[in-house]
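Working notes, structure below.
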Amino acid sequence: MKHRILQIALDTPLDFCFDYRWSASAESAEPPLPGQLVVVPFGRREAVGVVIAVETQSEVPANKLKDVLALRAQLPPLSPQWLALCRFAADYYQRPLGEVAIPGLPKNLRAIKTVSLDRALKKIAKDAAMHDPAPRAMPPLNAAQQQAADAIAAAQGFAPMLLYGVTGSGKTEVYLQAAAQILARAEADGTAAQVLILVPEINLTPQLENNIRTRFPGVELATLHSGLAEGERLAQWLSVHLGRARIILGTRLAILASLPHLKLIIIDEEHDPSYKQQEGLRYSARDLAVWRAHQLAIPIVLGSATPSLESWQHAQSGRYRKLELRERAVRDAVLPRVRLINMERDKPAEGLTSTLVTALKQRLDRGEQSLLFLNRRGYSPVIACDACGWISNCTRCTAFMVLHKPEQRLRCHHCGCEQRIPRSCPTCGNVDLQPLGRGTQRVEEGLQQVFPQARIMRIDADSTRRKGSAQAAFDAVHRGEIDILIGTQMVAKGHDFRNLTLVGVLNPDTALFSHDYRASERLFAQLMQVAGRAGRAAQKEGGNPSEVWIQTRYPQHPLYAAVMAHDYDSFALGLLEERQHAGLPPFIYQALLRAESKELQTALDFLQEASRAIAYPAITINDPIPMSLTRVANVERAQLLVESASRPALQAFLREWMVALRGMKARVKWSLEVDPVDI
DNA sequence: AGCACGCCGACT
DNA sequence: GTCGGCGTGCTC
């Protein structure tokens with residue numbers, strides 16, 4: 001048979017594959033294989049697609065069928081397992097297969113013109129040669145670490161494990177030694193093995209990459225994240241796809257990579273919200289990773305000091321095996337003492353209570369470092385006129401314009417629009433406009449007044465806009481050139497500041513009363529994480545223990561009691577009980593239909609119609625409501641929550657629902673999110 | 001989503 | 001007279 005029909009997945013919103021004719025030619029007599037890339041004519045343009053199936057017939061009328069233009073034969077086919085992963089993700093998140101499979105491929109492979117893989121391959125070889133072996137032994141583990149590493153390495157088949165360890169307990173060492181054991185065993189057996197390590201944000205954990213390189217001399221390491229340049233991305237992706245890279249360090253997008261010899265998956269800080277993609281295909285890299293481990297029958301490690309309630313629940317029920325690290329890895333490094341400052345009694349000036357100022361002063365006198373955490377960038381979240389009540393609303397969004405003092409501008413954090421700070425009130429002319437509230441810039445300014453001699457640095461998205469500037473800033477802290485660091489959640493993650501003995505948390509209370517039921521879970525994780533920055537080195541003989549001070553107006557709140565006791569267990573138990581009573585995840589499953597339009601009513605009407613589109617048992621369809629941030633960039637947004645106690649029932653409903661919605665010819669832009677995290 | 005076609009308003 | 005606004009329809 002000289003002719004075949006190829007079913008091709010293309011990156012379009014159309015939810016089906018396209019059939020193309022393939023004819024044997026001089027250079028390729030054999031038909032293509034599923035998983036190969038092809039160039040095809042598509043409408044009036046050309047597109048790169050993935051071969052899904054090779055058939056002998058098509059249901060498409062012969063006069064509509066077009067010929068495949070080119071086969072990317074130089075690239076080994078993507079594996080059936082990879083195609084199955086894409087198919088699962090497409091099904092589960094209700095997106096077309098091509099939209100899952102294609103955008104994750106390097107741009108150079110998706111380009112119409114042929115690329116030279118040779119150049120990329122030479123680059124890989126050169127990079128590998130650059131890191132010559134300078135062999136270093138693994139540091140000794142404590143008993144709990146060793147037990148965990150051995151358990152991971154000894155696991156057979158699909159083995160999901162929750163590595164629950166306090167901050168600074170040395171989870172990374174456990175990952176690396178388990179990986180070393182698995183790689184060594186494969187080498188002894190003469191088989192190929194790859195270990196995938198996912199991290200929330202690669203730029204915030206630069207030590208890890210160096211750590212792996214020195215620990216695994218001669219072992220090829222690939223990194224996959226969105227910060228790579230195109231040529232680099234192709235080289236890294238190829239080294240993984242061709243099975244050369246043995247350790248793959250990546251962010252969430254790495255879970256969709258071709259990993260032909262995958263034998264172990266590790267997800268560091270598994271609770272971190274960054275594992276959820278928040279646009280396009282809204283996947284959870286953690287959930288896909290668990291599916292992938294199940295598919296390949298391999299172990300997967302979910303590591304955290306404050307696991308997601310989903311994973312914790314699985315560990316409690318026995319579905320995941322729980323491995324625990326209860327102590328800090330560095331001997332004599334103890335957990336910091338966490339205390340509260342009642343802001344009703346100790347009134348803050350410049351955002352700082354006298355207790356915190358005294359603690360900062362002590363650190364300055366002793367030559368130790370301090371970290372202040374405030375999850376709000378800018379100078380003040382809003383400016384207002386005392387005389388007439390005007391406030392700096394964004395004209396395009398239901399949000400305030402934030403004052404950015406260094407640039408002398410008001411800026412909307414949602415639509416990005418900016419303006420100069422008005423000299424006087426736009427409505428009444430009053431020249432005395434007041435900044436209300438406090439962001440990192442304002443705290444930095446206040447600190448400079450209180451401690452004029454101190455070396456103060458601010459780290460947030462604004463201060464680190466230029467590439468590499470975040471790294472430079474963190475390096476300065478590590479070199480001891482900074483006394484007081486003030487920052488947003490950027491400073492809470494991963495960094496191991498050895499001379500840091502004080503953490504101050506300035507204004508965490510807003511999350512206590514959020515409408516988002518996950519806010520307290522996130523706040524707890526954030527507080528534990530930032531508290532964990534203190535006291536990572538061994539405590540000096542007779543020295544003072546590290547301290548964490550939390551400024552709050554609600555010192556009686558149970559969340560703070562749990563943070564003070566470093567007691568995730570009972571905090572999680574309480575939250576899970578609440579969630580069960582309230583019928584919330586992880587006890588039920590959700591999907592969210594969003595609609596946007598110039599007119600709010602149009603969006604709500606569409607959702608109302610959608611809610612009546614089909615009837616289905618065991619499904620709760622709630623009323624459409626405007627989103628909490630209703631208008632962004634002059635677009636009104638509304639949403640409709642769908643719930644079920646059964647995941648299969650929800651999946652079956654969504655499949656039928658999507659068919660009905662696509663047939664509705666909506667006048668709005670709509671999208672579906674499965675397992676939403678921000679409601 | 002792209003990318004075309006198509007039918008009406010205001011510019012050199 | 002043309003340039004260009006975005007409604008509508010198609011992609012094997």
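Numbered from 1 within each chain, the chains take letters A, B, ... in sequence-line order.
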In this structure, how many angstroms lie between the [atom2] atom of [N] and the [atom1] atom of [X], rounded?
X: A:Leu97; N: C:dC12; atom1: CG; atom2: P; result: 18 Å
X: A:Lys66; N: C:dT11; atom1: NZ; atom2: C1'; result: 7 Å
X: A:Leu69; N: C:dC12; atom1: CG; atom2: P; result: 11 Å
X: A:Lys669; N: B:dA1; atom1: NZ; atom2: C1'; result: 10 Å
X: A:Arg662; N: B:dA1; atom1: CZ; atom2: C1'; result: 14 Å
X: A:Ile5; N: C:dC12; atom1: CD1; atom2: P; result: 13 Å
X: A:Phe18; N: C:dC12; atom1: CZ; atom2: C1'; result: 7 Å
X: A:Asp15; N: C:dC10; atom1: CG; atom2: P; result: 19 Å

A:Leu14 side chain: which of B:dA4, B:dA1, C:dC12 is closest?
B:dA1

Out of B:dA1, B:dA4, C:dC12, which has the shortest distance to the side chain of A:Pro13?
B:dA1

Does A:Arg119 CZ have over 12 foreign heavy atoms under 6.0 Å away?
no

Looking at every strand, decide which applies to [X] at a 4.0 Å heavy-atom threshold: base, sugar-phosphate, or nothing.
X: A:Phe42; value: base
X: A:Leu10; value: nothing
X: A:Pro61; value: nothing

Quick check on DNA chain B: between A:Arg44 and A:Thr12, whose nearest nucleotide comes earlier from the 5' end?
A:Thr12

Report yes or no: do A:Ser274 and A:Glu201 form a side-chain donor-acceptor pair below 3.5 Å?
no

Can a side-chain donor-acceptor contact be found between A:Asp516 and A:Ser514 if the only test is distance below 3.5 angstrom?
no

Under 4.0 Å between a side-chain nitrogen and a carboxylate oxygen: does that hold for A:Asp272 and A:Arg252?
no

In plain terms, say whether A:Arg411 and A:Glu418 are close enough for a salt bridge, that is, a side-chain N and a carboxylate O under 4.0 Å apart.
yes

